[in-house]
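Throughout, a chain's letter reflects where its sequence line sits, starting with A, and its residues are numbered from 1.
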Protein chains: 2
Amino acid sequence: MNVMPASYDMLFAALSDPTRRGIFEKLCHDGEQTVHALTAGAGVSQPAVSKHLAILKQAGLVLDRREGRETHYSARPDALAPLMDWTGRMTRFWQKRFDKLEDLLKRMDQ
Amino acid sequence: MNVMPASYDMLFAALSDPTRRGIFEKLCHDGEQTVHALTAGAGVSQPAVSKHLAILKQAGLVLDRREGRETHYSARPDALAPLMDWTGRMTRFWQKRFDKLEDLLKRMDQ
DNA sequence: TCAATCGATAACCATGCGGTTATTGGTTTG
DNA sequence: CAAACCAATAACCGCATGGTTATCGATTGA
């Protein structure tokens, strides 16, 4: 399957679960890993990890690569770009309104 | 109540719902508003909006100010800072590993 | 070939979540 | 004071979610 663009909903939701975020962090930090390796550090069962990985994949946050009987997963941190964009946009909106207010106060002061 | 620091879980979870994100976006864009005004654009009932606002407040994303019989809510976009930090950290981790790989390949090339 | 391993899926369960309507506590206003 | 209004809470409902164990298909190794 192709790399998915993923919606804000899916991105935020995928990262809102601590177990899932832990898996993604591990992948970012230590690079590609098998489901087995990820299960070791996850604190939940292997099927649970598989389900989490499926969700991360749907959100575009990880890639999978089949190799024999094992599946290797890797992080795709550029999938976080929309999240940074959105965050920046919100902050800018707010900043803009703040600037306007400052202007107004300055004009009133004169 | 004091301004809450809020965990990653709460931040991501609060923003994973489209209705809630819509409310927060409106507050960032248009500034302080009453529950009534927010309800108008939200597409859900007033109690639903109140519940969403409570969740945003718990995540530290909004502030409320009581004035007579109406409550005014406003965005607190600096609450997004941890989110940006986390995102940046993940990207840096990944970049670091990538750089190491590049180094290795360069050394092997000589 | 047979046993073991890997990872995904199925089936199930408890809990949480987003929505609703009804109600309540305060606050204005007529 | 009574009526209207605002926002929060209560009580409920359906469904999604995160977890489990059991199983299955595929692959590897003895």
**Message:** Whole angstroms only, please: what is the NE2-C1' distance between B/H72 and D/dA8?
**Reply:** 16 Å
**Message:** Taking B/D64 first and then B/R66, would you say they form a salt bridge - that is, a charged N and a carboxylate O separated by under 4.0 Å?
**Reply:** no
**Item:** Value in whole Å for how far the C1' atom of C/dG18 lies from CG of B/L53
**Value:** 14 Å
**Request:** Starting from C1' on D/dC6, measure out to CZ on B/R65 and report it in whole angstrom.
**Result:** 15 Å
**Message:** Rounded to whole Å, how long is the line connecting atom CD1 of A/I23 with atom P of D/dG18?
**Reply:** 11 Å
**Request:** Taking the side chain as every heavy atom from C-beta outward, state whether B/D9 and A/S16 have any pair of such atoms under 4.5 Å apart.
**Result:** no
**Request:** Would you check if B/T34 and B/L38 make a side-chain contact, meaning some heavy-atom pair closer than 4.5 Å?
**Result:** no
**Item:** Which residue lies more 5' along DNA chain D, comparing B/E70 with A/R20 via nearest heavy atoms
**Value:** B/E70
**Request:** Please work out if A/I55 contacts a base, only the sugar-phosphate, or nothing of the nucleic acid, heavy-atom cut-off 4.0 Å.
**Result:** sugar-phosphate
**Prompt:** Rounded to the Å, how far apart are A/F12 CZ and C/dC17 P?
**Reply:** 18 Å
**Prompt:** What string of B, S and - do you get for nucleotides 19-30 of chain D, 5' to 3', when a contact is any protein heavy atom under 4.0 Å?
**Reply:** BBBB----BS--
**Request:** Tell me whether the OP1 or OP2 atom of D/dT9 has a side-chain N or O from B/S50 closer than 4.0 Å.
**Result:** no
**Request:** For D/dA8, take OP1 and OP2 only and decide whether either is under 4.0 Å from a side-chain N or O of B/Y73.
**Result:** yes
**Item:** d(CD, A/Q58; P, D/dA16) in whole Å
**Value:** 14 Å
**Prompt:** Can you find a side chain N or O atom of B/T34 that sits less than 4.0 Å from OP1 or OP2 on D/dC6?
**Reply:** no
**Prompt:** Any idea which heavy atoms bring A/L80 and B/M90 closest together, and the distance?
**Reply:** CD1-CB, 3.9 Å
**Prompt:** Parallel under 30°, tilted from 30 to 60°, perpendicular over 60°: which one fits the rings of A/Y8 and A/W86?
**Reply:** tilted
**Prompt:** Less than 4.5 Å apart, any side-chain heavy atom of A/V35 and any of A/L53?
**Reply:** yes
**Asked** Counting just side-chain N and O atoms, does A/H36 come under 4.0 Å of either OP1 or OP2 of C/dG7?
**Response** yes
**Prompt:** Quick one: do the B/E67 and B/T71 side chains pair a donor with an acceptor below 3.5 Å?
**Reply:** no
**Asked** Taking atom P of C/dC17 as reference, at what distance in whole Å does atom CG of B/D9 sit?
**Response** 11 Å
**Asked** Would you say the side chain of A/Q58 lies within less than 4.5 Å of the side chain of A/M10, judging by non-hydrogen atoms?
**Response** yes
**Message:** Using a 3.5 Å distance criterion without hydrogens, assess whether the side chain of B/R20 forms a donor-acceptor pair with backbone atoms of B/A13.
**Reply:** yes
**Asked** Rounded to the nearest Å, what distance is computed from the CG atom of residue A/L15 to the P atom of nucleotide D/dT17?
**Response** 15 Å
**Asked** Axis-to-axis angle across the helix from C/dT1-D/dA30 to C/dG30-D/dC1, five pairs an end, to 10 degrees?
**Response** 10°
